[in-house]
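Comments concern the structure below.
Note that the structure is a prediction, hence the values are computed from the model and not measured.
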Amino acid sequence: MNTDKKVLGIIGGLGPLATAYFMMKIIRMTDAATDQEHIRMIVYNYPDIPDRTKYILDKTAKDPLPYMRDIAVRLQNDGVCSIAIPCVTAQFYHDRLQESIRIPVFNGVREMADYLKENDIKSVGIMGTDGTVQSDLFGKSLGEYGIKYLYPSKEGQKKVMSIIYDSVKAGKKPDDRQLMEVAQELRENGAQRIILGCTELSVIKEQFDLPEYFIDVLDVMARSCVKSFSLLRKEFEVL
């Protein structure tokens, strides 16, 4: 067995379906001709991790950070070279999680900002959880590049949360009409591209033929992971 080959660690289960899609995206993006050329992954699919948005909005709720930290340490002990977390809201805890381990943890929010800057995108609308919106999770990274951003209206945000929690997380088919209503609102208010800023929304992108102005954080995160292994297929250089 080749023990020198690098291994990617994944803190999964936030939610489980998004984790499966993330793995699928990594596999699709990898420039491999055989099974043996694909990226090794160790995945802890741990859906018991408390809800990230609940804690961000209410600090009396159960804190998910100790759970994520425990899994990160396990992955480090398992010998992975880096860790990805296919959950956008979980990026809120990135810096504190990184402090607890020696190996790098990918940050999907910063990677998205880098990608937008590289591709000269000036303004975006952001769809995400209430935790992502109220913590202004994308704000600092986008602001550093001078990228303008906006969130849905109060009613639009309710629709986004319903899609995430009442449909995808509940295992029900989402209503893409609601998604498009919110997208239209953001586009009319000046958004050049629209960030699918929740990995549950990534699932919708797989199920429906969405317009090209949508850009998926899960795609950007998977792209960053595969690039770190120098195995990215050329067709995924631009998403």
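Between Ile126 and Leu142, some side-chain heavy-atom pair lies under the 4.5 Å cut-off.
A cation-pi arrangement is present between Lys59 and Tyr55 under the rule of less than 6.0 angstrom and at most 45 degrees off the ring axis. Because its NZ or CZ atom is both nearer than 6.0 Å to the ring centre of Tyr213 and within 45° of the ring axis, Arg187 counts as a cation-pi partner of that residue.
The CZ atom of Phe22 lies 5.0 Å from the CD1 atom of Ile10; values are rounded to the nearest 0.5 Å. The line from SG of Cys225 to CD of Glu111 is 6.5 Å long, rounded to the nearest 0.5 Å. One finds the CG atom of Asp176 at 7.0 Å from the CG atom of Leu210 (value rounded to the nearest 0.5 Å).
For Asp216 and Tyr21, the side-chain atoms include no donor-acceptor pair closer than 3.5 Å. Using modelled atom types, one finds a donor on one side chain and an acceptor on the other under 3.5 Å when comparing Tyr165 with Asp51. Under 3.5 Å, the side chains of Asp70 and Tyr44 contain no donor-acceptor pair of N or O atoms.
Residue-environment remark: CD (Glu212) stays at or below the threshold of 12 foreign heavy atoms within 6.0 Å. No more than 12 heavy-atom neighbours from other residues, nucleotides or ligands sit within 6.0 angstrom of NZ on Lys117.
Panel note: side chain Gln91, backbone Leu137; no donor-acceptor pair is recorded below 3.5 Å. The closest donor-acceptor contact from the side chain of Asn189 to the backbone of Glu185 lies under 3.5 Å. When atom types are taken as modelled, the side chain of Ser162 and the backbone of Lys158 share no donor-acceptor pair closer than 3.5 angstrom. Between the side chain of Arg52 and the backbone N or O of Gly131, no donor-acceptor pair lies under 3.5 Å. A distance-only check finds a donor-acceptor pair linking the side chain of Asn45 to the backbone of Gly13 [under 3.5 Å].
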Tyr151/Gln157 under side chain to side chain contact (heavy atoms under 4.5 Å, CB included): CA gap, chis, key distance, verdict: CA-CA 8 Å; Tyr151 296 111; Gln157 184 60 25; 5.5 Å; no
Met112 and Ile215: CA distance, side-chain angles, deciding distance, side chain to side chain contact (heavy atoms under 4.5 Å, CB included) verdict: CA-CA 9 Å; Met112 173 60 81; Ile215 183 166; 4.0 Å; yes
